[in-house]
Q: 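Handing you a structure now.
When a ligand or atom number is given, it counts from 1 through the structure's own listing order.
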Amino acid sequence: MSQSAGKNQHVAVLAFPLGSHPWPLLNLASRLASAAPDVRFSFLNTAKSNQKLSATSGAHLPHNLKLYVVADGVPEGHVPKNPPEELELFLEAAPESFRKGMDMAMAETGQQKITCIMSDAFLVFGSDMAADIHAKWVPLFVPAPYDLSAHFYSALIHETYAKACGGSEAHGNGGAVGDLNPIDKNLDAIPGLSVMRFGDLSPDILQEILPGNHSNSSPIFARALRRLREVLPRANAVVMNSFQELNSAILTDDLKSKFRDILYVGFLKLIVPTPPLPPSHSDATGCLPWLDEQKPTSVAYISFGTVAVLPPHEFAALAEALEASCVPFLWSLRENFKAFLPNGFLERTRKQGKIVPWAPQAYVLSHKAVGVYITHCGYNSVFESLVGGVPMICRPILADNMMNGRMVEDVWEIGVRVEGGVFTKKGMIKSLELVLGHDDQHRRRMKEKIRDLKELVVKAAGPDGIASNDFKTLLELISQ
Ligand code: UDP
């Protein structure tokens, strides 16, 4: 980069405040800010999400990156009924909230013009906003790359599903043709997605192809997802929270053909290779000291991420299976879900397990005591497990979870999905036995696959990996 590169450059970073989305974006902005000390970064996010970031990341921000608060769209005195309503209110107000946030950031910097908008890709209005102020637009796509592909091909998916149903969509969910229900057929017609099945698509796409199947998300959000394929090709570059080396050549080439540029900068939530675990006594959650007392590869760690919710009877079935199998467990469980546990479970399992509202997950999964991760298959979680060398029992719940679960079980072979796709006491006991039990052959095979895949990730994260080069390209793009 030239000496003057970066001077007068101001990047507005627009966060999507729900789920795990803000972390990778903040990490990317931090890495860029450290590498380009003359560029100013203004990170715009809701107050609640900024607080969560500060409480959970502990990262020291570079001097040229500042957090700003934007409105969450919730009218004063109103409490959103559920996450979809919170999302709807946020998105309705978002273009105006971010515009005001950018004005605030400019005012504070002596009217330093915004030269680039780096937004979460779900904030599709970033495209028009950047065009209006003659700035670059660089969206970050946080979920899995195959999920992006599915959004691009939703019309073709719709069409092929109709064909799979024998020309009529009226078959819907239960319309079996021949031996196979259409929902269980592979997405052979979609480049790079032939390993996936219709049933692995995110609820927002399934909603389009299955009459009467309504996703729980907000209508504005559903519209934004449908606009991805129209707006992303206008971006100066689309940044992926992934390593290119992990994706098939067909998927990579196909996505590449759709954008002006696509940059794979690696898993932004993870440091690869992982640094040594911090001293256990410094872990205020008590998870690491508790794990220190357990036998190697004996513990089941359980977490379903930041937004996914299981039906109450599945919480109960999972708890019953844990208790019956006597497997030591560490469960990251939000306080309000404890009500779904069987009567007396907490008292009876006091010695067997530990329940916390929040765990330092990446460290937990790198602890030698953890033998299995029972997961919803969030993209970040899957790779934290992989890098920790821990096989998974998958119970995908939302968004790209089903596709990730398909990759984990069928392609990477580093985990199993629960029998029937939902937790039952019997199915879960069987899965625990499979992953933690005495079937050495199966367990050894999964461990070998994890080791090979981890090697690939470590190499991809190294100086010769594509991520290092793509990060440099991104740095040049935002600095000039
Ligand atoms: N996480 C954590 N502690 C917890 C629960 C979750 O640190 O107790 C982190 C986890 O490490 C992961 C993120 O939350 O990085 C969840 O992201 P993911 O993409 O897996 O799922 P999402 O929350 O987006 O569904």
Q: Give me the one residue out of Phe337, Phe345, Phe423 that meets ring pair (Phe, Tyr, Trp, His ring centres under 6.0 Å) with Phe315.
A: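 Only one option passes, and that is Phe337.
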Q: Which atoms of ligand 1 are found less than 4.0 Å from any heavy atom of Ala359?
A: 2 (C), 3 (N), 4 (C), 7 (O), 8 (O)
Q: Among Phe122, Phe125, Phe141, which one satisfies ring pair (Phe, Tyr, Trp, His ring centres under 6.0 Å) with Phe16?
A: Phe122
Q: When you measure from atom 4 (C) of ligand 1 to each heavy atom in Trp23, Phe304, Trp358, Tyr363, which option holds the nearest one?
A: Trp358
Q: Any idea which part of Gln361 is under 4.0 Å from ligand 1, heavy-atom wise: side chain, backbone, both or neither?
A: both
Q: How does His21 reach ligand 1, if at all, at less than 4.0 Å between non-hydrogen atoms: by side chain, backbone, both, or neither?
A: neither
Q: Would a distance-only check, ignoring hydrogens and angles, find a side-chain to backbone donor-acceptor pair under 3.5 Å from Ser385 to Val390?
A: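 Answer holds: yes.
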Q: I'd like to know if Glu230 pairs up with Arg226 as an ion pair, taking the criterion as any Lys NZ or Arg NE/NH1/NH2 lying under 4.0 Å from an Asp or Glu carboxylate oxygen.
A: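 No salt bridge links Glu230 with Arg226.
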Q: May I ask you to check whether over 12 heavy atoms, not counting those of Lys256, lie within 6.0 Å of atom NZ?
A: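 Count not over threshold, so no.
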Q: For Gly378, counting its heavy atoms only, list the atoms of ligand 1 lying under 4.0 Å from any of them.
A: 18 (P), 19 (O), 20 (O), 21 (O)
Q: State whether Phe471 and Arg31 meet the cation-pi test: NZ (Lys) or CZ (Arg) under 6.0 Å from the six-membered ring centroid, and within 45° of the perpendicular axis.
A: yes
Q: My understanding is that we take every heavy atom of each candidate and find the minimum distance to atom 8 (O) of ligand 1. Doing that for Ser303, Gly19, Ser332, which one comes out nearest?
A: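 Going through Ser303, Gly19, Ser332 one by one, Ser332 has the nearest heavy atom to atom 8 (O) of ligand 1.
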Q: To the nearest 0.1 Å, how far is atom 15 (O) of ligand 1 from its closest protein heavy atom, and which atom is that?
A: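 It is Glu384 OE2, 2.7 Å.
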Q: Go through ligand 1 atom by atom and flag the ones less than 4.0 Å from a non-hydrogen atom of Gly305.
A: 23 (O)
Q: Do me a favour and list the nearest non-hydrogen protein atom to atom 23 (O) of ligand 1 with residue, atom name and distance?
A: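 Nearest protein contact, heavy atoms only, for atom 23 (O) of ligand 1 is Thr306 OG1, 2.4 Å.
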Q: Using ring pair (Phe, Tyr, Trp, His ring centres under 6.0 Å), reason through Tyr373 and Tyr301 one step at a time and then give a plain yes or no.
A: CA-CA 5 Å; Tyr373 174 25; Tyr301 169 64; 5.2 Å; yes
Q: Are the charged groups of Glu409 and Arg406 less than 4.0 angstrom apart, N to O?
A: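 So Glu409 does not pair with Arg406 through a salt bridge.
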Q: Among protein heavy atoms, which sits nearest to atom 16 (C) of ligand 1, and what does the distance come to when rounded to 0.1 Å?
A: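 The closest heavy atom on the protein side is Ser20 CB, 3.7 Å.
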Q: Has Asp200 got a side-chain atom pairing as donor or acceptor with Arg197's backbone, closer than 3.5 angstrom?
A: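 Yes.
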Q: Tell me, please: is His376 in heavy-atom contact with ligand 1, that is, under 4.0 Å?
A: yes
Q: How close does the nearest protein non-hydrogen atom get to atom 19 (O) of ligand 1, and which residue and atom is it?
A: Asn380 ND2, 2.9 Å
Q: In terms of residue, atom name and distance, what is the protein heavy atom nearest to atom 20 (O) of ligand 1?
A: Ser381 OG, 2.5 Å
